[in-house]
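Here, residue 1 is the first one in the sequence, and each next residue gets the next number.
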Amino acid sequence: MPFTLSLRRPFVADHFHNLPGFQEDRHGHNWEVEATVELVSEADEAAFAKALDAWLEAVDYHLLNTLSPLDGRNPTAEALAEWAFEHLREADLHPHSVKIREKANYWALCRGDATS
């Protein structure tokens, strides 16, 4: 019987914004990712953890502005949530949502249809 599982992981990363009319210095955050997927069996839990940890390796202790999946994008919580969601989908998982928390009072949630 399918079930929904969520995993949460902390990570540390730097970024800066360089937008018309708004420029900010490089700074870091203690971020958090929380991903929720639909799994067919408990045996799929390891694949979920492995895929999420692989995405985490790409961002943890990096300057987000320099990462190729974010080329041409402002490295925001929204962009990170979308990237992590697509990463899980490409790992043949069925993500329901990915939440990226940038600060205690600021987070972004990317949702999708688990069957797509």
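Interatomic distance, Arg111 CZ to Thr36 OG1, rounded to the nearest 0.5 Å: 11.5 Å. From His62, atom NE2 reaches atom CD of Glu57 across 9.5 Å, with rounding to the nearest 0.5 Å. Of the inter-residue distances, the one linking Glu78 atom CD with Trp107 atom CH2 reads 10.5 Å to the nearest 0.5 angstrom. Note that the CG atom of Leu5 and the CD atom of Glu38 stand 11.5 Å from one another [nearest 0.5 Å]. In this structure, Thr76 OG1 and Glu82 CD are separated by 9.0 Å, a value rounded to the nearest 0.5 Å. Atoms CG and NE2, on Leu93 and His87 in that order, are 8.5 Å from each other to the nearest 0.5 Å.
Between His27 and His17, the ring-plane angle classifies as tilted under the 30° and 60° cut-offs.
Put simply, the side chain of His15 never gets that close to the backbone of Asn65: no donor and acceptor are under 3.5 Å apart. Under the 3.5 Å distance criterion, the side-chain polar atoms of Arg101 are matched with a main-chain donor or acceptor of Ala104. Side-chain atoms of Trp31 come within 3.5 Å of backbone N or O of Ala13 as a donor-acceptor pair.
Between Ala77 and Tyr106, the shortest heavy-atom contact is CB-CE2, 3.9 Å. Leu88 and Ala51 get closest at one heavy-atom pair: CD2-CB, 3.9 Å.
Ring-centre distance between Phe11 and Trp55: below the 6.0 Å cut-off.
Looking at heavy atoms from C-beta onward, Asp14 lies in side-chain contact with Arg26 at the 4.5 angstrom threshold.
Glu32 is linked by a side chain to side chain donor-acceptor pair (under 3.5 Å) to nothing, counting only residues two or more places apart in sequence or in another chain. Among residues two or more places apart in sequence or in another chain, the side chain to side chain donor-acceptor pair (under 3.5 Å) test is passed with Asp60 by none. Under the side chain to side chain contact (heavy atoms under 4.5 Å, CB included) criterion, Asp44 pairs with Leu39, Val40, Ser41, not counting sequence neighbours.
Cluster annotation: Phe3 and Phe48 are assigned to the same hydrophobic cluster (Ile/Leu/Val/Met/Phe/Trp/Tyr, side-chain heavy-atom contacts under 4.5 Å, transitive).
Within a 6.0 Å sphere centred on CZ of Phe22, heavy atoms belonging to other residues, nucleotides or ligands number more than 12. Summarising the local packing, CD of Glu24 is surrounded by more than 12 heavy atoms from other residues, nucleotides or ligands at distances under 6.0 Å.
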In sequence, state the C-alpha distance, the side-chain angles, and the governing distance for Trp83 and Leu70, and then conclude on side-chain contact (heavy atoms from CB on, under 4.5 Å).
CA-CA 8 Å; Trp83 174 21; Leu70 297 173; 4.1 Å; yes
Stepwise side-chain contact (heavy atoms from CB on, under 4.5 Å) test for Leu109 and Val98:
CA-CA 6 Å; Leu109 179 71; Val98 172; over 6 Å; no
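Salt-bridge annotation for Glu34 and Arg9: absent, with no side-chain N of the basic residue lying under 4.0 Å from a carboxylate O of the acidic one.
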